[in-house]
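All remarks here apply to the structure that follows.
When a ligand or atom number is given, it counts from 1 through the structure's own listing order.
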Amino acid sequence: MGVAGEIQATALVAAACRAEETRQPAPRLTDPYAERFLDSLDAAGRALLAAGRDEVVHRTTLIDGLLLDEVRRHPGATVVNLGAGLCTRPYRLDLSACREYVEVDAPEILARKATVLGGAEPSCPVRRIPGDVRGLPALGVDGPAVLVTEGLLVYLPPAELAGLAATLGGLPAVTGWLADVVSADSARAMAAVAGRARAGLALHGLESMDTVERAGWAVADYRLLPARRPAARPTGRPPGPSVPASRRVLDGVVLLRPAAPPRTVTGQAVS
Ligand SMILES: C[S@@+](CC[C@H](N)C(=O)[O-])C[C@H]1O[C@@H](n2cnc3c(N)ncnc32)[C@H](O)[C@@H]1O
């Protein structure tokens, strides 16, 4: 396994979104480090930046807020960011209450990040583990952990997402998992933008949260992103399995918690 080059390149697009936001007169977030990565942004990356800045900035600020809350609730926790890309959260946020901040991504991404951020001072110890989340490397985390996946799940087909959710569900002492979620319609619209930009990305949205819920997670908080993306053109494909409106995924950020195990009476599940 290994993360495809065109998927790794999206890390640069996300950094470019935060760099551009930082240059605005009233930025919604400030990432003074993002600019440092931008020398290799190509035409496809610039097209994706133009289409996606608002969404990336929104999801990043939502995850920032929820993560700071979670760390306040669990001082001494380790943050594990899977598909961390060029995110600089431990450098731009005060995460000094954390035991450490662990980042997993492709070796090329993490090596570049280590070089570019070499002289910068994080607010808590940072440890980087090169690897592929589809075969999650050992994290070596002790004690409570908060998981973060930002901009990652959309690159995982359903079976791979189910596998990751099950693996994460089996980790000990996880307090929560913060993730952005993208609807199937939005993923199709994003794929159309990526196609026009010749970025060569296959994107996978969610019809519902069934896949992660079946792996033992429960949605504890759900913050919506503003819905601005134009609807995808009809594909001619039949619609996916029908999902009740109340269960349909809308683009947003979720806080997942390990679902409580079913109550049992003398070893039998209570329905
Ligand atoms: C859109 S970027 C988001 C990066 C970062 N989380 C952020 O918000 O700035 C997606 C990231 O996920 C990483 N990624 C995608 N699939 C992965 C996999 N199977 N294993 C590890 N990393 C993966 C890519 O290399 C890339 O850095």
Side-chain angles (χ1 to χ4, degrees), residues 1-22 29 31 33-38 40-41 44-45 48-49 51-64 66-67 79-93 101-114 116-117 126 128-137 139 146-165 167-168 177-182 186-187 190-191 193-194 197 199-205 225 251 253:
M1 265 189 276
V3 183
E6 57 271 23
I7 296 182
Q8 291 187 35
T10 63
L12 193 57
V13 177
C17 293
R18 293 189 282 265
E20 191 158 309
E21 181 68 16
T22 302
L29 65 77
D31 184 345
Y33 305 97
E35 190 79 40
R36 300 185 186 185
F37 296 106
L38 301 193
S40 48
L41 191 69
L48 295 179
L49 159 67
R53 170 159 69 95
D54 204 46
E55 178 177 335
V56 169
V57 169
H58 259 108
R59 80 174 189 214
T60 299
T61 52
L62 283 175
I63 293 177
D64 282 356
L66 288 165
L67 179 62
V79 179
V80 178
N81 189 350
L82 303 171
L86 304 172
C87 158
T88 62
R89 224 169 239 125
Y91 298 83
R92 61 181 181 77
L93 297 184
Y101 196 98
V102 175
E103 300 186 320
V104 179
D105 207 304
E108 299 86 341
I109 291 280
L110 295 185
R112 173 152 165 68
K113 189 172 187 176
V116 170
L117 294 178
V126 173
R128 301 196 169 103
I129 305 177
D132 188 319
V133 301
R134 294 169 295 179
L136 195 65
L139 298 173
V146 184
L147 308 176
V148 177
T149 57
E150 178 178 2
L152 171 74
L153 303 189
V154 76
Y155 300 109
L156 302 179
E160 292 180 355
L161 172 59
L164 177 65
T167 302
L168 299 182
W177 173 11
L178 289 165
D180 63 310
V181 288
V182 172
S186 290
M190 285 163 70
V193 172
L201 293 172
L203 300 168
H204 309 274
L225 294 178
D251 296 357
V253 167

Heavy-atom nearest neighbour in the protein, as seen from atom 3 (C) of ligand 1, with distance rounded to 0.1 Å: Glu150 O, 3.4 Å

Atoms in ligand 1 flagged as close to Gly83, the criterion being non-hydrogen separation under 4.0 Å: 4 (C), 5 (C), 6 (N), 11 (C), 12 (O), 13 (C), 22 (N)

Subset of ligand 1 atoms that lie under 4.0 Å from at least one heavy atom of Gln8: 25 (O)

Smallest separation among heavy atoms of Gly85 and Ala11, with atom names: CA-CB, 3.9 Å

Nearest-contact summary for atom 20 (N) of ligand 1 - protein heavy atom, Å: Val133 N, 2.9 Å

Which of the ligand 1 atoms, numbered from 1, are nearer than 4.0 Å to a heavy atom of Gly151: 1 (C), 10 (C)

Contacting atoms of ligand 1, where contact means under 4.0 angstrom from a heavy atom of Arg59: 8 (O)

Within-shell test, Gly131 vs ligand 1, heavy atom, strictly < 4.0 Å: yes

Shortest reach to atom 17 (C) of ligand 1 by a heavy atom, considering only Leu110, Thr149, Leu152: Leu152

Residue, atom name and distance, where the atom is the protein heavy atom closest to atom 25 (O) of ligand 1: Asp105 OD1, 2.7 Å

Arg18 touching ligand 1 at heavy-atom level, < 4.0 angstrom: yes

Where ligand 1 meets Ala14 - atom numbers and elements under 4.0 angstrom, heavy-atom basis: 9 (O)

Inter-residue atom distance Glu150.CD - Leu178.CG, 0.5 Å rounding: 10.0 Å

From CG (Leu161) to NE2 (His204), nearest 0.5 Å: 10.0 Å

Identity and distance of the protein heavy atom lying nearest atom 1 (C) of ligand 1: Thr10 OG1, 3.2 Å

Approximate separation, where rounding is to 0.5 Å, of Ile129 CD1 and Leu110 CG: 9.5 Å

Contact check: Asp132 vs ligand 1, nitrogen or oxygen atoms, below 3.5 angstrom: yes

Test log, rule side chain to side chain contact (heavy atoms under 4.5 Å, CB included), inputs Arg18 and Cys87: CA-CA 9 Å; Arg18 293 189 282 265; Cys87 158; 3.9 Å; yes

Exercise: identify the closest heavy-atom pair between Glu21 and Leu29: CG-O, 3.9 Å

Test: Asp64 and Arg92 ion pair at under 4.0 Å: yes

Asp31 CG to Thr60 OG1 distance, which is reported to the nearest 0.5 Å: 8.5 Å

Proximity flag Val104 to ligand 1, non-hydrogen atoms under 4.0 Å: no

Sub-4.5 Å side-chain heavy-atom contact between Arg59 and Val56: yes

Protein heavy-atom partner closest to atom 5 (C) of ligand 1 - residue, atom, separation in Å: Ala84 O, 3.1 Å

Val193 vs Leu48, side chain to side chain contact (heavy atoms under 4.5 Å, CB included): CA-CA, chis, key distance, verdict: CA-CA 7 Å; Val193 172; Leu48 295 179; 4.1 Å; yes

